[in-house]
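Worksheet for the structure shown next.
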Number of protein chains: 2
Amino acid sequence: MILPAVRATRAHHPKPSIEDVAAAAGVSTATVSRAIRGLPRVAQPTRTRILEIAQALGYAASASAAGLATGKTRSIGVVTSSVRHPDYGAAVEGAARALRGRDYSLVLLHLPDSSASPRFPRDLNMLCRRVDALLVLGAATLEKDEIDQLQRSGMPHIVIGLHGEQDDSDLDAATTAIRHLVQLGHTDLAFFHGGLGAQSRNGLLAAVREHRTSALNADGLKLREVRIEDQPGAIRNSRTAFSLLWAEPGSKPTAIVCASDQIALGVLLEAGNAGLRIPEDLSIMGIDGQDLGKSLELTTVIRYSTRRAAEGAQSLLAALEGDRSVTHPALWSPELMIRQSTAAPQGTGRQSLPMPQQKNSKSV
Amino acid sequence: MILPAVRATRAHHPKPSIEDVAAAAGVSTATVSRAIRGLPRVAQPTRTRILEIAQALGYAASASAAGLATGKTRSIGVVTSSVRHPDYGAAVEGAARALRGRDYSLVLLHLPDSSASPRFPRDLNMLCRRVDALLVLGAATLEKDEIDQLQRSGMPHIVIGLHGEQDDSDLDAATTAIRHLVQLGHTDLAFFHGGLGAQSRNGLLAAVREHRTSALNADGLKLREVRIEDQPGAIRNSRTAFSLLWAEPGSKPTAIVCASDQIALGVLLEAGNAGLRIPEDLSIMGIDGQDLGKSLELTTVIRYSTRRAAEGAQSLLAALEGDRSVTHPALWSPELMIRQSTAAPQGTGRQSLPMPQQKNSKSV
DNA sequence: CTGAAAGCGCTAACAA
DNA sequence: TTGTTAGCGCTTTCAG
């Protein structure tokens with residue numbers, strides 16, 4: 001087994017400074033600085049020579065010194081409440097991707113839950129002195145007053161809502177999912193979710209109501225909400241919830257919308273146990289099913305956490321570079337990704353209904 | 001939908017400097033510096049006053065300035081090839097945890113695959129000027145020559161092997177899993193893995209051989225190796241592999257060891273389709289099943305990526321603080337976590353065998 | 001216990 | 001095109 005001893009090879013390589021390079025090249029430090037950063041006002045041959053020497057010496061500017069001189073750290077902070085949750089992981093990856101090759105580094109601040117000690121004063125404030133801008137992953141990652149404080153601090157920042165949050169994007173996603181199912185002809189749906197704000201719920205119900213009248217022209221559309229306790233054991237909770245639901249007397253839903261991959265997996269497993277075929281006997285939809293959902297061939301509504309985070313980071317960078325002409329990040333509407341887990345309900349036969357308006361999955 | 005506009009409230013809060021605090025407190029900057037960092041040689045009342053004023057002003061030292069003055073950045077770099085993969089996510093979380101409250105920040109370097117452009121010169125070298133030490137997640141994340149270069153650079157670093165790598169820890173885990181199954185009485189095993197180095201394979205076979213003679217005293221122990229292409233679609237690949245295996249004529253294994261959660265899930269699903277009951281008809285084991293594996297009630301061998309990374313980070317910190325008395329991180333041996341997915345093979349009846357030596361799951 | 005002063009390594013005017 | 005010269009905001013001797 002690898003013995004993770006700290007390797008600290010006491011090398012005689014005290015990192016070369018800009019002066020070493022300047023001396024070796026026979027120029028001033030100012031010229032080296034310009035040459036290395038690709039600024040103008042350096043003769044081509046000089047530049048080449050300096051670059052070669054720097055390379056040979058293994059020179060790289062000290063971030064602290066440069067930062068102190070410029071007042072910029074050339075790094076952005078990413079605040080997240082999780083790195084294990086695939087959604088957040090995907091977002092972090094997006095941010096990292098946006099920074100690649102831009103000579104910016106990414107400082108990760110992991111704030112597991114908001115109940116932890118007064119955090120802004122310590123962690124966030126400290127972070128603010130190390131980064132030029134902040135990308136906050138998840139609308140619930142920071143408390144309201146923390147966001148306020150951020151606002152007041154004047155630090156450029158963007159908050160990206162992620163899965164399961166009480167924001168409109170969540171509602172959008174659920175609506176898109178339900179629309180898909182309604183169009184397939186389902187009239188008895190269940191929505192397994194991890195909790196919905198009152199606002200989202202109302203919006204959702206409104207959306208459902210709209211479909212009930214305009215798409216279906218029937219009041220037959222039924223939507224059962226089932227709350228699944230998230231995080232530890234979402235899968236298990238979802239399994240029990242499904243079993244419970246199926247054990248109830250009366251009619252069963254013909255389709256279930258799941259707020260996450262985990263929940264969908266629970267339903268999938270338990271439906272298998274119950275002898276149901278997917279999608280013939282039961283349609284299952286996911287939301288944000290990037291990794292698991294894809295492997296499971298789950299029809300899903302995806303919201304591109306990766307891309308959204310990448311674009312958030314890009315906006316931040318653009319804002320930092322003073323690019324006033326920055327177009328705001330495109331709003332990625334939730335997009336329908338039809339895979340294998342949904343179909344028209346058995347016996348209905350109709351594959352799709354005329355769409356209510358000219359809305360489709362791409363519409364906002 | 002949240003419009004992720006960059007908020008940059010042009011606040012009139014130009015971050016206060018140490019001089020502002022010094023002036024307000026009527027002391028010199030030197031005293032403020034000492035007071036804030038909790039150094040001695042400051043009278044208690046003075047200290048309190050300074051702290052209060054700093055607090056009121058929202059002062060925090062500029063990382064760049066402090067870094068330039070001390071030659072330390074107070075941040076460590078975490079190099080990883082993934083943030084979506086739960087294993088790596090868990091490790092990143094461990095590192096973050098170790099840094100919490102220590103006033104160190106974590107700079108994340110995401111190096112997706114080694115095929116990408118010459119990376120050390122750019123990314124890694126640059127990173128080296130921004131951090132005091134490096135925690136490398138995954139033995140395969142850096143190329144051999146990159147590690148060499150790291151070595152030469154004198155930067156303290158630790159490499160932590162993660163899942164699916166051709167290191168001994170991987171072998172350890174597999175061996176532990178197989179031992180468990182053999183002890184349950186299984187004699188026909190399959191090992192679904194994402195590729196094994198020749199060395200690991202030999203070690204594994206040796207381990208199996210050992211069990212064959214000492215634990216079982218029979219040459220009946222059969223081990224089929226099935227290679228599952230990882231990452232995109234591990235689940236799907238695993239399902240097909242299972243189906244194929246089950247379609248083959250002849251005897252079937254009574255237990256399957258899976259190198260990851262994903263693979264195990266594939267087997268689980270397909271076994272369900274085949275009408276097999278788990279664990280009665282088939283035992284399934286996972287490796288490193290932290291999140292998914294847990295929800296699935298999979299018996300697994302866990303290797304504590306989180307803890308290992310946390311301890312790696314701690315060692316690094318200790319080394320940086322010049323703590324020469326640092327005990328090296330405890331070696332977490334892979335540990336058996338028995339859940340619901342394994343049992344004695346049907347018809348065998350015997351629940352366990354006498355153990356070969358006094359080895360148990362805790363042994364190295 | 002406190003303060004004055006000399007940098008840390010780089011950048012950014014301004015001169016040359 | 002290049003060099004000179006001030007700092008950037010903090011830490012850290014070394015005197016007081």
Side-chain angles (χ1 to χ4, degrees), chain A residues 13-51 53-54 57-75 103 125-126 128-132 321-322, chain B residues 13-51 53-54 57-75 103 125-126 128-132 321-322:
Chain A
H13 290 265
K15 314 184 183 178
S17 83
I18 197 172
E19 291 213 61
D20 300 325
V21 181
V27 294
S28 74
T29 61
T31 307
V32 175
S33 179
R34 289 190 211 104
I36 295 215
R37 290 180 304 155
L39 295 187
R41 304 182 25 165
V42 180
Q44 198 39 247
T46 322
R47 185 186 301 269
T48 326
R49 188 159 41 90
I50 293 180
L51 255 28
I53 294 184
L57 262 47
Y59 171 77
S62 139
S64 304
L68 179 53
T70 57
K72 272 108 176 35
T73 61
R74 288 196 79 80
S75 60
D103 259 29
N125 203 24
M126 176 190 149
C128 287
R129 304 289 155 162
R130 311 187 79 96
V131 302
D132 298 333
E321 322 267 72
Chain B
H13 289 265
K15 316 183 182 178
S17 84
I18 197 173
E19 291 212 61
D20 300 325
V21 181
V27 295
S28 74
T29 62
T31 307
V32 175
S33 180
R34 289 191 210 104
I36 295 215
R37 290 180 305 153
L39 295 187
R41 304 181 27 162
V42 180
Q44 197 41 245
T46 321
R47 185 186 301 273
T48 325
R49 188 159 42 87
I50 293 180
L51 255 28
I53 293 184
L57 261 47
Y59 170 77
S62 139
S64 304
L68 179 53
T70 56
K72 273 109 176 34
T73 62
R74 289 196 79 80
S75 59
D103 259 28
N125 202 24
M126 178 189 146
C128 288
R129 304 288 155 161
R130 312 185 77 95
V131 302
D132 298 333
E321 322 267 73

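Taking a 4.0 Å limit (strictly below) on heavy-atom distances, residues 34-44 of chain A reaches DNA chain D at Arg34(A), Arg41(A), Val42(A), Ala43(A).
Listed by chain and residue number, Val27(B), Thr31(B), Val42(B), Ala43(B), Arg49(B), Ile50(B) satisfy the side-chain contact (heavy atoms from CB on, under 4.5 Å) test with Thr46(B) (two or more places apart in sequence, or in another chain). Applying the side-chain contact (heavy atoms from CB on, under 4.5 Å) criterion to Ala69(A), with sequence neighbours excluded, gives no partner residue. Leu51(B) is linked by a side-chain contact (heavy atoms from CB on, under 4.5 Å) to Ile36(B), Arg47(B), counting only residues two or more places apart in sequence or in another chain. With sequence neighbours excluded, the residues forming a side chain to side chain donor-acceptor pair (under 3.5 Å) with Ser33(A) are Arg37(A), listed by chain and number. Residues passing the side-chain contact (heavy atoms from CB on, under 4.5 Å) test with Ala61(A) are Tyr59(A), sequence neighbours excluded. Annotation: side chain to side chain donor-acceptor pair (under 3.5 Å) contacts of Thr73(A) (sequence neighbours excluded): Ser75(A), Asp132(A). With sequence neighbours left out, the side chain to side chain donor-acceptor pair (under 3.5 Å) criterion links Thr70(B) to no other residue.
Of all heavy-atom pairs between Ala65(A) and Leu68(B), the closest is CB-CD1, 3.8 Å. Looking at every heavy atom in both residues, Leu57(B) comes nearest to Pro16(B) through O-CG, 3.4 Å. Here the closest heavy-atom approach between residue Ala22(B) and residue Thr29(B) is recorded as CB-N, 3.8 Å.
Counting 5' to 3', DNA chain D first comes under 4.0 angstrom of a heavy atom of chain B and last does so at the ends given by dG9(D) to dA15(D).
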Review item, nucleotides 5-8 of chain C N/O atoms under 3.5 Å of protein N/O:
residue: dC8(C); atom: O2; partner: Ala69(B); partner atom: N; Å: 3.3

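Between the Arg74(B) side chain and the Asp103(B) main chain, a donor and an acceptor come within less than 3.5 Å of each other.
Atom OG of Ser64(A) sits about 8.0 Å away from atom CZ of Arg130(A), to the nearest 0.5 Å. With rounding to the nearest 0.5 angstrom, the OG atom of Ser17(B) is 12.5 Å from the NZ atom of Lys15(B).
Side-chain nitrogen and oxygen atoms of Ser28(B) include none within less than 4.0 Å of the OP1 or OP2 phosphate oxygen of dT2(C).
Residues Val27(B) and Tyr59(A) each lie close to DNA chain C; by heavy-atom proximity, the contact nearer the 5' end of the strand is made by Val27(B).
If you take CD1 of Ile18(B) and P of dA4(C), they are 14 Å apart, rounded to a whole angstrom. One atom, CZ of Arg74(A), and another, P of dT11(C), lie 10 Å apart when rounded to the nearest Å.
Looking at heavy-atom distances under 4.0 Å, Ser64(A) makes no contact with the nucleic acid at all.
Axis angle between the ends of the helix from dC1(C)-dG16(D) to dA16(C)-dT1(D), five pairs each and rounded to 10 degrees, works out to 30°.
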